[in-house]
Number of protein chains: 2
Amino acid sequence: MPRPDDSSTRSRPTSADVARLAGVSPTTVSLVLADKADRISDVTKEKVFAAVAQLDYRLNRTAQGLRHGRSSTIGLITDHIGVQPYSGPMVSAAHDVTWENRQMILMVNTTLEDDRTRSAVEDLLARQVDGILFAAIGTRTIHVPAPARRARVALVNAFANDGDFPTFLPDERGGARALARHLVQLGHREIATLAGTREAWATSVRVQETQAVLRSAGLSLGNRLFYGDYTFTTGYSLAQRVLELTPSPTALICGNDQMAAGAYLALARHGLRVPQDMTVVGYDDEPVATMLTPTLTTVRLPFYELGRRATLALLGKEPLEPGEELIPTTLRIRESSAPPAS
Amino acid sequence: MPRPDDSSTRSRPTSADVARLAGVSPTTVSLVLADKADRISDVTKEKVFAAVAQLDYRLNRTAQGLRHGRSSTIGLITDHIGVQPYSGPMVSAAHDVTWENRQMILMVNTTLEDDRTRSAVEDLLARQVDGILFAAIGTRTIHVPAPARRARVALVNAFANDGDFPTFLPDERGGARALARHLVQLGHREIATLAGTREAWATSVRVQETQAVLRSAGLSLGNRLFYGDYTFTTGYSLAQRVLELTPSPTALICGNDQMAAGAYLALARHGLRVPQDMTVVGYDDEPVATMLTPTLTTVRLPFYELGRRATLALLGKEPLEPGEELIPTTLRIRESSAPPAS
DNA sequence: CTGAAAGCGCTTACAG
DNA sequence: CTGAAAGCGCTTACAG
C-alpha cells in the first residue's frame, strides 16, 4: 500500500550524494548532467550515470533556477480558464509550445480584474517566472500591472490600455469582410445579422465591416440587425424574430457558431431548410461547425495560432516586439451557404 | 516605450538590500515579512516595510522554496486540457482551490500516455511540486508512474491500474438509475438509448444501470440501444435511426447533452416536438442544457466538485486517503421530459 | 529585541 | 581531466 506522506519525507538524494557514491566531485556531477562534459573522461561519466541510476537521483530545478536566475517557467493569466471552446485552443497552444521547449506554465485565472491580476503578477514574479502571457477569451482591453514589466510580457486576444506591449490579435476585420463578400457573391441581398454581445469589441468590428461590404455592393443591413450574447439561446430566439421580417431575409450572419446552432433549431421548427430556404453562417469554427447538418460555413478564428505565436515570442523563439500582430482568420465555406432561392 | 529585456536584467532587490537600507539584519527582514515578528519592535517593523516599499522588493519564492523544501506548487496532469466542456470545471476548481491557498498550478497535458506522463512526472518532481493531480476528461484507467509516489497524489475521474491512490469519481451508477427511474415513473415503456462511445467506462456503467432499472420495472431496452461517440453529430444521426423503429419509442436517453442537442435538431426536422412527441434527456448538465428550448432534463456530473475535493485533499485541507470517493451526481428535471402522449 | 552563521541544492569561474 | 570554494536568496536555530 502506498504511503505518500511517508515516502515523500524520505529525503531525496542530492548531487552531493551522487558525487559521493561515484567517487567524484559535485562539480563533475554537474558538468556531466548538464552535458557540458566534453572534458570529462568516459569512465568518469559512466560512474556518474551509474550513481544517478542507483540513487534514482533527479536534479532539483528549484536550486538550479535560483542559481541561474531563470525558472524555465512562464505565467499564464486568463479571464476564464473554463470557458469553452475559446480558451481550450489558446491554453493548449501555450502549453504545447512551453512543453516543446522544456518549460512549464503556471496558470492563474483572474477574470482579468485589476486587483486579482495585480496580485497574480506579484505572485508569479515572486516565483521567478521568465515571462507572463495575458490571454482573454473575447478580445478586450486589459490593464497590465506595472510590475509585470519586470518579466517578458505578451498579450493574446487583448489590448493593453496603457503601454505598448507585444499583442497578438485575430484579424477580425478581414474575416468579417470575407464572410460578407461570400454572401454578396452568392447573390444574397436581404441579409440579416444576429450579432453577439453589443459591448464586445469583436461584435462592433464585425458589424462595421459587414456594413462596409454591403454598402459597396449597394446593399444595407437595414432593420435586420439584432444583438444577442453569443449563446445558443439568443441564436434560437433572435432567429425567430428574423422570421417575422418582411421581406424575409435569405441569409443569416450569426455572431458565432453557438448562435448559428440555435438558429438551426429555430429554423427547423419553422419547417425551413438550411441552406435551401435560409443560408446560415457563423464565426469561430468550433467543433460544432462540422457536426451540424448541414455543416456550417464560418470564419475560423485562429485561437491555437494566437496562443502559439504569443508563446513562441515570449520564450524568445520569435521576436518579441511591442505592437499588434494580426493573425489571419479564414473563411470556411461549407454546406450551410448557397445562393438564395430564386 | 517598455523594454522588457532591459528592465528584467536590472537585477531585483534581495532581502539583503532591504536589510541594508533599513539598517537591520536579514534575519529581522525575514522575520518581519514572514509575520513571525512578535518579538520585533514596531519601529523596526516600520523601517523594514518602508525599505520594502522603497525598493519595490518582493520575496523570492524560489529561494524560499529551496530553503523550506516545499514549493507551494502542485502539478496537474491531464489528458485533454482543451476539451470542452468537461475539462473546464475540473481545471477551474483545481485552480480556485490552489489560489485560495496561495499555491499555484503547473499544468501539463500528456494525453495520459505512459511515456509523456512519466516525463511530466519527472519534470514536476524536479520542480519540487508538493503534489500531483491526475485528471481525465472521460473516466478512464491510467498508469501512475512509480516516481509520482514521491509527491502526494490524487486522481480525478480516473482509476489507477496499479496501486491504491486517492481517487475521486462521479457517482455514475446513481445518476443513471435516477434518470431511468424518472422516465419509468413518467410512464414511459418504450425507452431508447443513444449511448456514448462503446468503449468508455461511463457508457457501459450507464447502460448497465439503465437496464437494471428497466428490468425491475418489467421493461427492457430491447433493440432500442445504439452507440455513438458523445458528439452532436452522432446524436443527430442516431436519433434518425430511432425514428424508424416500430413501435416508436417515447423517450430518448442520450449519452450526453451534446448528443441530446443533436437529437433535438433531428426531431425538429421530422416535425416532432419535445417533450410532447418525444422525451429527451442527457448527461453532463453542461451550459447548453439550459440553453436548449425546451430546457433539457439531464444528470449533472460534478466536474467542479471532483476537482475541488481532489485538490483540497492534495493540499492537505481534507484527508488524503487511498480508495475511491464517489461524488454525487444530480438529476436535473427540466422541460424536456414529460409523460408519453396517451 | 536583534544579529552572525550555517545551509537548502545547485553551478561556475578559477586553479591545478 | 578534475576539484575546492564561493554564491544564488532565502530561513532558522542559536547566541546575546
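Below, read A as the first sequence line, B as the second, and so on, with proteins coming before strands; counting in each chain starts at 1.
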Engineer: Any donor-acceptor pair under 3.5 Å linking the side chain of B:Arg12 with the backbone of A:Gln128?
Structural biologist: no

Engineer: Output yes when B:Arg118 and B:Asp114 qualify as a salt bridge under the 4.0 Å nitrogen-oxygen rule, no when they do not.
Structural biologist: no

Engineer: Check whether B:Thr311 reaches the backbone of B:Gly307 with its side chain - one donor and one acceptor, N or O, closer than 3.5 Å.
Structural biologist: yes

Engineer: With DNA chain D as reference, determine whether B:Leu66 or A:Val24 sits nearer its 5' end, using the nearest nucleotide of each.
Structural biologist: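 Whichever sits nearer the 5' end wins; that is A:Val24.
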
Engineer: Specify the separation, in whole Å, of atom CD of B:Glu46 and atom P of C:dT2.
Structural biologist: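 From B:Glu46 CD to C:dT2 P: 13 Å.
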
Engineer: Quick one: does any side-chain atom of A:Asp17 pair with a main-chain N or O of A:Thr14 as donor and acceptor, under 3.5 Å?
Structural biologist: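 Here the side-chain-to-backbone pair exists.
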
Engineer: Both atom distances under 3.5 Å, Watson-Crick or G-U wobble: I'd like the secondary structure of DNA chain D as a dot-bracket string, with | for pairs made across strands.
Structural biologist: |||.||||||||.|||

Engineer: Atom CZ of B:Arg70 to atom C1' of C:dG9: distance rounded to whole Å?
Structural biologist: 18 Å

Engineer: Mark yes or no for whether B:Thr62, through its side chain, and B:Asn60, through its backbone, hold a donor-acceptor pair below 3.5 Å.
Structural biologist: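 No; zero donor-acceptor contacts below 3.5 Å.
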
Engineer: What's the NZ-P distance between B:Lys45 and C:dC1, to the nearest Å?
Structural biologist: 9 Å

Engineer: With B:Leu133, which of B:Ile77, B:Leu314, B:Leu315 fulfils side-chain contact (heavy atoms from CB on, under 4.5 Å)?
Structural biologist: B:Leu314

Engineer: Are any of B:Thr28's side-chain N or O atoms less than 4.0 Å away from OP1 or OP2 of C:dG3?
Structural biologist: yes

Engineer: Have a look at B:Ile132 and tell me which of B:Val144, B:Ile74, B:Val121 forms a side-chain contact (heavy atoms from CB on, under 4.5 Å) with it.
Structural biologist: B:Val121

Engineer: Report, as yes or no, whether the 6.0 Å neighbourhood of atom CG on B:Asn161 holds more than 12 heavy atoms from other residues, nucleotides or ligands.
Structural biologist: yes

Engineer: Within the pair B:Thr62 and D:dG9, is there a side-chain N or O less than 4.0 Å away from OP1 or OP2?
Structural biologist: no

Engineer: Just the rounded figure in Å: distance from C1' of C:dT2 to CG of B:Asp42.
Structural biologist: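 Whole-Å distance recorded here is 15 Å.
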
Engineer: Taking all non-hydrogen atoms of both residues, which atom of A:Ala310 and which atom of A:Val156 are closest, and how far apart?
Structural biologist: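 Closest heavy-atom pair between A:Ala310 and A:Val156: CB-CG2, 3.4 Å.
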
Engineer: For C:dC1, take OP1 and OP2 only and decide whether either is under 4.0 Å from a side-chain N or O of B:Thr44.
Structural biologist: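 No.
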
Engineer: Take nucleotides 10-16 of chain D nucleotide by nucleotide from the 5' end and write B, S or -, depending on whether a protein heavy atom sits under 4.0 Å from the base, only from the sugar-phosphate, or from neither.
Structural biologist: BBBB---

